[in-house]
Amino acid sequence: MMLSAFKNLSITSRITTPFRSLSTLVLAEHEGGLIKTSSLSAVEAAKSLGGGNSISLLLAGSGRSLKDAAEHAASSHPSVSQVLIADSDKFTYPLAEPWAKLVHLVQQSGGYSHIIAASGSFGKNILPRAAALLDISPITDVTKISGSNLFIRPIYAGNALSTVRYMGSSPCMLSIRATSFPVASEPADLKSNVSSIDKVDLSILDEDDSVGKSIYVKLSSQISERPDLGNARIVVTGGRGVKSAENFKMIDKLAEKIGAAVGATRAAVDAGFVPNDLQVGQTGKIVAPELYMAFGVSGAIQHIAGMRDSKVIVAINKDADAPIFQVADYGLVGDLFDVIPELLEKLPEKK
């Protein structure tokens, strides 16, 4: 494949002077009164920018959930020095327009050198609009930080790595791939290191009564005891070879038995087998579990881009020439309708 020739491609722009002082604003996502792990990964990324970096976490929302999230954020990571909260009904739902105006407002008062968000639906929705208001060019999907203005990001669906040196004005805006910045386990006495919680002055923002171009309609989610797909240790994924939504229940049963999250390829999602929040790939979720099991997955380059960093990849496909076997650590040429029932019979229950 031609892209394999670019595996180690590195594109570097001309050298520029790094930032004189560092201060980072992390756009944090919260749910149920807790900071999401992906946002804590953004804090880990901020740590990589260099020493002496002051890290502030920005939260927005309303009511008790925001207050609980702020308290959690204040003790969630030892590197967080300040938690900023924007408490308003405008932020009840994380819409791009009000959040972008908030980022612009906070940047004007804080003068941060960097703004970072996780490269999920939350960050991808807000960063481009906020960057436009600040008149800067964001660097997206960063997987490694080599300095305050030197970053590495994948291109060509992960087949090449581009080294980018930021040469624009402050702030340098980044979206980071959360799986590339895992959150380290913290000591039990973390709560003794509690950062300050301050409210953002929204008086200027509240004067703007213009209606945004997007409105909140509804939230559709599946209630499950299984781990979240983006942070699961084990992921079991089904592809087009599963053939139907009814057959996909086998994937669900296997995942439930071993305590895994369920994933799917775009082909399976487009065919209506599962909802699109389970899609793994370049246009879906990026995962890097300890174990990734792929059933009936051909191995399209867009899918591989979303799971190639998995520690161990196991592929089951009846086509011996399927591209998935090129990235798999273990491969089995066989019919998934024979393999999964046998696994369900022989695998022990999760502990």
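Numbers here simply count residues along the sequence, with the first being 1. Note: hydrogens, waters and symmetry copies are ignored here, and every other heavy atom, side chains too, is used.
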*Might you work through the salt bridge (charged side-chain N to carboxylate O under 4.0 Å, His left out) test for E71 and K67, ending with a clear yes or no?*
CA-CA 6 Å; E71 292 175 1; K67 293 179 181 179; over 6 Å; no

Are [X] and [Y] packed together at the side-chain level, in the sense that at least one heavy-atom pair is separated by less than 4.5 angstrom?
X	Y	result
I139	R153	yes
L66	H30	yes
P171	H114	no
T143	P154	yes
L84	L57	no
L102	L58	yes
I145	F181	yes
L254	L347	yes

*For residues 120-143, pull every pair meeting salt bridge (Lys or Arg N to Asp or Glu O under 4.0 Å), keeping only residues two or more places apart or in separate chains.*
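Applying salt bridge (Lys or Arg N to Asp or Glu O under 4.0 Å) to every pair that reaches into residues 120-143, excluding sequence neighbours, yields E97-R129, D141-R177.
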
*Applying side chain to side chain contact (heavy atoms under 4.5 Å, CB included), run through L105 and V200 and close with a yes or a no.*
CA-CA 9 Å; L105 173 67; V200 178; 4.3 Å; yes

Joint hydrophobic cluster, [X] plus [Y], side-chain heavy atoms closer than 4.5 Å:
X	Y	value
L40	V287	no
L229	V274	no
I324	I234	no
V236	V312	yes
I176	L22	yes

Between [X] and [Y] (side chain of the first, backbone of the second, donor and acceptor by atom type, cut-off under 3.5 Å), is there such a pair?
X	Y	value
N149	R165	no
S170	S113	no
D309	A288	no
S88	F91	no
D68	S65	no

*asked:* How close do P94 and N125 get, counting heavy atoms only, and between which atoms?
replied: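 For P94 and N125, the tightest heavy-atom pair comes out as O-ND2, 3.8 Å.
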
*Under the side chain to side chain contact (heavy atoms under 4.5 Å, CB included) criterion, do V106 and Y112 qualify, and how do the steps go?*
CA-CA 9 Å; V106 173; Y112 297 94; 3.8 Å; yes

*Please work out whether the ring planes of Y292 and H303 are parallel, tilted or perpendicular, with thresholds of 30° and 60°.*
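Taking H303 first and then Y292, their aromatic rings sit tilted (interplane angle of 30° to 60°).
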
*Between F248 and F273, what is the ring plane arrangement, given parallel below 30°, perpendicular above 60°, and tilted in between?*
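Tilted: the ring planes of F248 and F273 meet at 30° to 60°.
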
*Please walk me through it: do I126 and F122 pass side chain to side chain contact (heavy atoms under 4.5 Å, CB included)?*
CA-CA 6 Å; I126 296 168; F122 174 78; 3.4 Å; yes

*Do the side-chain N and O atoms of T24 and N53 include a donor-acceptor pair separated by under 3.5 angstrom?*
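Distance-only check passes for T24 and N53.
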
*Any donor-acceptor N or O pair under 3.5 Å, side chains T283, Q279*: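 Note: T283 and Q279 side chains meet the donor-acceptor criterion.
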
_If you apply the rule side chain to side chain contact (heavy atoms under 4.5 Å, CB included), what do you find for L291 with V314, and how did you get there?_
CA-CA 8 Å; L291 173 62; V314 178; 3.8 Å; yes

I need the [X] [atom1] to [Y] [atom2] distance, nearest 0.5 Å.
X	Y	atom1	atom2	result
S39	L27	OG	CG	8.5 Å
I115	M173	CD1	CE	4.0 Å
I251	L336	CD1	CG	6.5 Å
K101	L202	NZ	CG	12.5 Å
K249	S244	NZ	OG	9.0 Å
N231	K285	CG	NZ	9.0 Å

_T92 vs S62, side chain to side chain donor-acceptor pair (under 3.5 Å): CA-CA, chis, key distance, verdict_ = CA-CA 6 Å; T92 301; S62 62; 3.3 Å; yes

*For atom CD of E31, is the number of surrounding heavy atoms from other residues, nucleotides or ligands below 6.0 Å larger than 12?*
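Open: at most 12 neighbouring heavy atoms sit under 6.0 Å from CD of E31.
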
*Ion pair E290/K311, N-O distance below 4.0 Å*: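 Judged by the 4.0 Å cut-off on N to carboxylate O distance, E290 and K311 do not form a salt bridge.
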
_Walk me through whether E44 and S48 qualify under side chain to side chain donor-acceptor pair (under 3.5 Å)._
CA-CA 7 Å; E44 286 290 324; S48 305; over 6 Å; no

*S195 and S81: side chain to side chain donor-acceptor pair (under 3.5 Å), yes or no, with the steps?*
CA-CA 5 Å; S195 56; S81 58; over 6 Å; no

